[in-house]
Engineer: 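First, the structure itself, so that you have it in front of you.
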Amino acid sequence: MEHKKVRVRFAPSPTGGLHLGGVRTVLFNYLFARQHKGDFVLRIEDTDQTRYVAGAEEYIIECLRWCGLEADEGPHKGGPYAPYRQSERKEMYRQYAEQLVKNGYAYYAFDTPEELEEMRSRLKTEEHPSPQYNHIVRQQMRNSLSLPAEETEKLLAAGTPHVIRIKMPASEEVSFTDMIRGEVQFNTGTVDDKVLLKADGMPTYHLAVVVDDYLMKITHAFRGEEWLPSAPVHILLWRYLGWEADMPQWAHLPLILRPDGNGKLSKRDGDRLGFPVYAMNWLDPRSNEFTRGFREMGYLPEAFVNMLAMLGWNDGTEQELFTLDELVEKFSMERVHHAGAKFNIEKANWFNHQYILKADNQRLAALFMPVLKEKGVQASEEYVATIAGLVKERCNLVNEIWDHGFFFFRQPETYDTAAVKPKWSEVKRQFFLDWASVLETLSDFSLSAVEESFKQLATSMNIKVGELQLPFRIMLCGGKFGPPVFNIAETLGKHETIARIMKALPAFDA
RNA sequence: GCCGCGUUGGUCAAGGGGUUAAGACGCAUCCCUUUCACGGAUGAAUCACGGGUUCGAUUCCCGUACGCGGUACCA
């Protein structure tokens, strides 16, 4: 048991964009697998045909790739336990469900959806808003437990649509050790007879996870806290199938909550509050609804991953910035928080900012090129890299290079002269005129050369250098913003710098 | 309703029977910089509430409240 190779899995259902919380589940799985030199499996849980969305699987795989959290096995690359799509494993599940029936742990149920609905509305009261198909109710329903054996045989032989339900004991304590929460206990009397095999022959999640985790030799099962209430069903299934010795260790991850109020973070919250929730852009093929993702908004994958790691986990020190390798080394399920964490976009931006600061300018430029193209701007990647280096310390997102450096790509149309107008004078005007001619003669247009000539002329004309800098900035940028002004001039180059001075002068005189 | 899981500053959180209850984000003010930003400094919590246990509880126990999750032939 102890030396079994660690195998974990991420088992999303391909129903849409990949949510933040999903990526964090991937992350924790990935970290755990790497730390233990184990395998990380991607399994697609597409057992609900009605919710299947084309393209969602490819999208998920691409998200993992972008985050640098690729799986070792999965539908995209195969592996020793293929297939990795539950729809393709459909035939495997029935036998286990039948086996459970044979051993008295499950039963056939012939109730139609209408009958189920009827039962629920009949039993529903103020006190019991959600009647369950449980050990008491099942006696009044149409199933192999309430019907005479011959009747069941007849129905089955006639091909009557039916499901297979687990037969939950009337009152039994089921407990297990959660790696995060410790001992968790349930009484089986409070959980209903979950459907294991649907009428269409597909397993439900409950049967499929257990069967596949067993077949794929999963040793540790990590999933969101929303699964905790159904854990007893899974535990019992492992037991009833005779596999209890191989049952994985469970860890139910705390939820990621919405920033305002409470509750699970949903895509809707992102739309409402103006931040991404999906890892990457997602276009829903059914509704044509488009949702922006972290990647396209200008987040760096390593920042995204780092931020997610700190949402519900920390190593107990003050360190907040971790490389993936450091996370692999230091991660521990025991230090994962028990309570959910509210998502905070400000903090996410801070993380991104930290990584942008560290990022190579060439890389930032490459990431920013598509944004430039969208703006219809032509520029060399080298030029953009220089600009990235100049403005990155004020960018939280890669895309903000535009907000902080747009003037590198176009001349100002208007000038925010309000701040300098009162102190503007004929002498200053003359300074810029003279300096423009000096610049013409400059063979070296380096930062220091430009700055030197600026100061020299200012001094000779008896003007305070500081009083000239702001006007110069506004001439180049149009306003009071941007990197150090001589850096801007150097980057713009001689010709453009002079052009901008000459173009701006009338606005200053006006 | 029932079952489960939670509850340390606005947010993420460390800590854990005796502390000035870390740190980060955000916010405010200040310094640096005649732009903005970066950087630096300073400020803000009696640890949900009520009972215990104890010389002493934010830390342990029990309740209560509140929040969340589940309660589907969805995952």
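Side chains are part of it too, since the values below use all heavy atoms of this structure and drop only hydrogens, waters and symmetry mates. This structure is a prediction, so every number in the text was calculated from the model and none was measured.
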Engineer: Is there a Watson-Crick or G-U wobble partner for B/C38 with both distances under 3.5 Å, and if so, which one is it?
Structural biologist: none
Engineer: Which nucleotide in the set B/G67, B/C25, B/U35 lies at the smallest distance from any side-chain heavy atom of A/Lys347?
Structural biologist: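 Among the listed nucleotides, the one closest to the side chain of A/Lys347 is B/C25.
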Engineer: Ring centroids only, cut at 6.0 angstrom: are A/Phe351 and A/Phe322 within range, meaning strictly under it?
Structural biologist: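 No, too far apart.
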Engineer: So, for A/Phe481 and A/Phe407, is the gap between ring centers shorter than 6.0 Å?
Structural biologist: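 Yes, close enough.
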Engineer: Rounding to an integer number of Å, can you tell me how far A/Leu197 CG sits from B/C74 C1'?
Structural biologist: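 Taking atom C1' of B/C74 as the reference, CG of A/Leu197 is at 16 Å.
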Engineer: Using a heavy-atom cut-off of 4.0 Å across all strands, would you classify A/Pro484 as base, sugar-phosphate, or nothing?
Structural biologist: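 Base: the residue A/Pro484, judged by heavy atoms under 4.0 Å, touches a nucleobase.
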Engineer: Measure from the side chain of A/His337, starting at C-beta and using heavy atoms only, and say which of B/G69, B/A14, B/A37 lies closest.
Structural biologist: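 So the side chain of A/His337 is nearest to B/A14.
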Engineer: Pick base, sugar-phosphate or nothing for A/His252, based on heavy-atom distances below 4.0 Å to the nucleic acid.
Structural biologist: nothing
Engineer: Once you round it to whole Å, what is the distance between P of B/A24 and CG of A/Asn306?
Structural biologist: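 The answer, rounded to whole Å, is 16 Å.
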Engineer: Between P on B/A14 and NE2 on A/His338, what's the gap in Å once rounded to a whole number?
Structural biologist: 10 Å
Engineer: So do the side chains of A/Leu257 and A/Leu265 get within less than 4.5 Å of each other, counting heavy atoms only?
Structural biologist: no
Engineer: Answer yes or no: does a side-chain N or O of A/Asn344 lie under 4.0 Å from OP1 or OP2 of B/C12?
Structural biologist: no
Engineer: When the ring planes of A/Trp250 and A/Phe176 are compared, do they come out parallel, tilted or perpendicular, using 30° and 60° as the limits?
Structural biologist: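 It falls in the perpendicular class, over 60°.
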Engineer: Any side-chain N or O of A/Lys194 under 4.0 Å from OP1/OP2 of B/C74?
Structural biologist: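 Checking A/Lys194 against B/C74: no side-chain N or O falls below 4.0 Å of OP1 or OP2.
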Engineer: Got a salt bridge between A/Lys347 and A/Glu320, using NZ or NE/NH1/NH2 to carboxylate O under 4.0 Å?
Structural biologist: yes
Engineer: Could you please name the option among B/A24, B/C12, B/A14 that lies closest to any side-chain atom of A/Asn314?
Structural biologist: B/A14
Engineer: Touch check for A/Gln132, heavy atoms < 4.0 angstrom, all strands: base, sugar-phosphate only, or nothing?
Structural biologist: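 The answer is sugar-phosphate, as A/Gln132 gets under 4.0 Å only of primed atoms, P, OP1 or OP2.
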Engineer: Look at all strands and tell whether A/Val191 reaches a base, only sugar-phosphate, or nothing, counting heavy atoms closer than 4.0 Å.
Structural biologist: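 It contacts nothing in the nucleic acid.
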Engineer: Report the residue (A/Phe343 or A/Lys480) whose heavy-atom-nearest nucleotide on RNA chain B is the more 5′ of the two.
Structural biologist: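 Going by which nucleotide is closer to the 5' end, it is A/Phe343.
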Engineer: Phosphate oxygens OP1/OP2 of B/A75: is one of them under 4.0 Å from a side-chain N or O of A/Thr47?
Structural biologist: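 So the side-chain polar atoms of A/Thr47 do come within 4.0 Å of the phosphate oxygens OP1 or OP2 of B/A75, strictly under.
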Engineer: Rounded off to whole Å, could you give me the CG-to-C1' distance for the A/Asp212 and B/A75 pair?
Structural biologist: 14 Å
Engineer: Tell me: CH2 of A/Trp313 to P of B/G23, nearest whole Å?
Structural biologist: 20 Å
Engineer: Taking 4.0 Å as the cut-off, does a side-chain nitrogen or oxygen of A/His128 come that near to OP1 or OP2 on B/C2?
Structural biologist: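 Looking at the OP1 and OP2 atoms of B/C2, neither is under 4.0 Å from any side-chain N or O of A/His128.
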Engineer: Would you say a side-chain N or O of A/Lys423 is under 4.0 Å from OP1 or OP2 of B/U34?
Structural biologist: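 No, outside the criterion.
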Engineer: Check whether A/Arg24 reaches the backbone of A/Ala309 with its side chain - one donor and one acceptor, N or O, closer than 3.5 Å.
Structural biologist: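 Not confirmed, A/Arg24 side chain does not pair with A/Ala309 backbone.
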Engineer: Could you tell me whether A/Lys90 and A/Glu88 have a side-chain N and a carboxylate O separated by less than 4.0 Å?
Structural biologist: no
Engineer: Look through every strand shown and name the nucleotide pairing with B/G6 as Watson-Crick or G-U wobble, where both distances are under 3.5 Å.
Structural biologist: B/C66
Engineer: Please measure how far the P atom in B/U46 lies from the corresponding atom in B/U29, and state the result in whole Å.
Structural biologist: 23 Å
Engineer: So which one's nearest nucleotide on RNA chain B is more toward 5', A/Glu127 or A/Pro12?
Structural biologist: A/Glu127
Engineer: Considering every strand and a 4.0 Å limit on heavy-atom distances, what is the contact class for A/Pro259: base, sugar-phosphate, or nothing?
Structural biologist: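 Nothing: the residue A/Pro259, judged by heavy atoms under 4.0 Å, touches no strand.
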Engineer: Would you please classify the geometry between the A/Phe294 ring and the A/Phe304 ring as parallel, tilted or perpendicular, with 30° and 60° separating the classes?
Structural biologist: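 Taking A/Phe294 first and then A/Phe304, their aromatic rings sit tilted (interplane angle of 30° to 60°).
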Engineer: What is the distance from CD1 of A/Ile44 to C1' of B/A75, rounded to the nearest Å?
Structural biologist: 13 Å
Engineer: Who is the Watson-Crick or G-U wobble partner of B/C47, with both distances under 3.5 Å?
Structural biologist: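 Its partner is none (no Watson-Crick or G-U wobble pair with both distances under 3.5 Å).
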Engineer: In whole Å, I'd like the distance from the CD atom of A/Glu226 to the P atom of B/U71.
Structural biologist: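 Interatomic distance, CD of A/Glu226 to P of B/U71: 10 Å.
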Engineer: Can you tell me the Watson-Crick or wobble partner of B/U54, both distances under 3.5 angstrom?
Structural biologist: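 Matched B/U54 with nothing under the 3.5 Å cut-off.
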Engineer: Determine the contact category for A/Ala199: base if any of its heavy atoms lies under 4.0 Å from a base atom, sugar-phosphate if only primed atoms, P, OP1 or OP2 are that close, otherwise nothing.
Structural biologist: base
Engineer: Out of B/C3, B/A75, B/C68, which nucleotide sits closest to the side chain of A/Asn262?
Structural biologist: B/C68
Engineer: Report which part of the nucleic acid A/Lys264 touches: base, sugar-phosphate, or nothing (heavy-atom distance under 4.0 Å, all strands).
Structural biologist: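 Sugar-phosphate: the residue A/Lys264, judged by heavy atoms under 4.0 Å, touches backbone atoms but no base.
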Engineer: For atom C1', what is the distance between B/A45 and B/U19, given to the nearest Å?
Structural biologist: 14 Å
Engineer: Only pairs with both distances under 3.5 Å count, Watson-Crick or wobble alike; so what is the partner of B/A21 in this structure?
Structural biologist: none
Engineer: Once you apply a heavy-atom cut-off of 4.0 Å, does A/Glu467 come out as touching a base, just sugar-phosphate, or nothing?
Structural biologist: base
Engineer: Base, sugar-phosphate, or nothing for A/Gly482, non-hydrogen atoms under 4.0 angstrom?
Structural biologist: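 Base contact.
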Engineer: Using whole Å, what does the distance between atom C1' of nucleotide B/C74 and atom NE2 of A/His206 come to?
Structural biologist: 9 Å
Engineer: Considering every strand and a 4.0 Å limit on heavy-atom distances, what is the contact class for A/Glu45: base, sugar-phosphate, or nothing?
Structural biologist: sugar-phosphate
Engineer: Quick one: which of B/C68, B/A24, B/C73 gets closest to the side chain of A/Lys198?
Structural biologist: B/C73
Engineer: For B/U71, what is the paired nucleotide under Watson-Crick or G-U wobble rules, both distances under 3.5 Å?
Structural biologist: B/G1
Engineer: At 4.0 Å (heavy atoms only), tell me whether A/Gly312 reaches a base, stays on the sugar-phosphate, or touches nothing.
Structural biologist: sugar-phosphate
Engineer: Which of these nucleotides, B/A75, B/C25, B/A14, is closest to any side-chain atom of A/Arg335?
Structural biologist: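 Nucleotide nearest to A/Arg335's side chain: B/A14.
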Engineer: According to a strict under-4.0 Å criterion, is A/Lys342 in side-chain N/O contact with OP1 or OP2 of B/G67?
Structural biologist: no
Engineer: Over all strands shown, is A/Arg120 touching base, sugar-phosphate only, or nothing at heavy-atom distances under 4.0 angstrom?
Structural biologist: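 The answer is sugar-phosphate, as A/Arg120 gets under 4.0 Å only of primed atoms, P, OP1 or OP2.
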Engineer: Under a 4.0 Å N-O cut-off, is there an ion pair linking A/Glu57 with A/Arg85?
Structural biologist: yes
Engineer: Remember a base hit wins even if backbone is also touched, and classify A/Asp111 as base, sugar-phosphate or nothing at under 4.0 Å, heavy atoms.
Structural biologist: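 Base contact - A/Asp111 has a heavy atom under 4.0 Å of at least one base atom.
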Engineer: Given the P atoms of B/C12 and B/G1, what is the spacing between them in whole Å?
Structural biologist: 26 Å
Engineer: Taking the six-membered ring of A/Phe431, is the NZ or CZ of A/Lys428 close enough (under 6.0 Å from the centre) and on axis enough (within 45°)?
Structural biologist: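 Judged by the rule (NZ or CZ under 6.0 Å from the ring centre, within 45° of its axis), A/Lys428 is not positioned above A/Phe431.
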Engineer: Nearest of B/G6, B/C73, B/A75 to any side-chain atom of A/Ala339?
Structural biologist: B/G6
Engineer: Given B/C74, B/A24, B/U71, identify the nucleotide with an atom nearest to the side chain of A/Asp192.
Structural biologist: B/U71
Engineer: OP1 or OP2 of B/A72 versus the side-chain N and O atoms of A/Arg165: is any pair under 4.0 Å?
Structural biologist: no
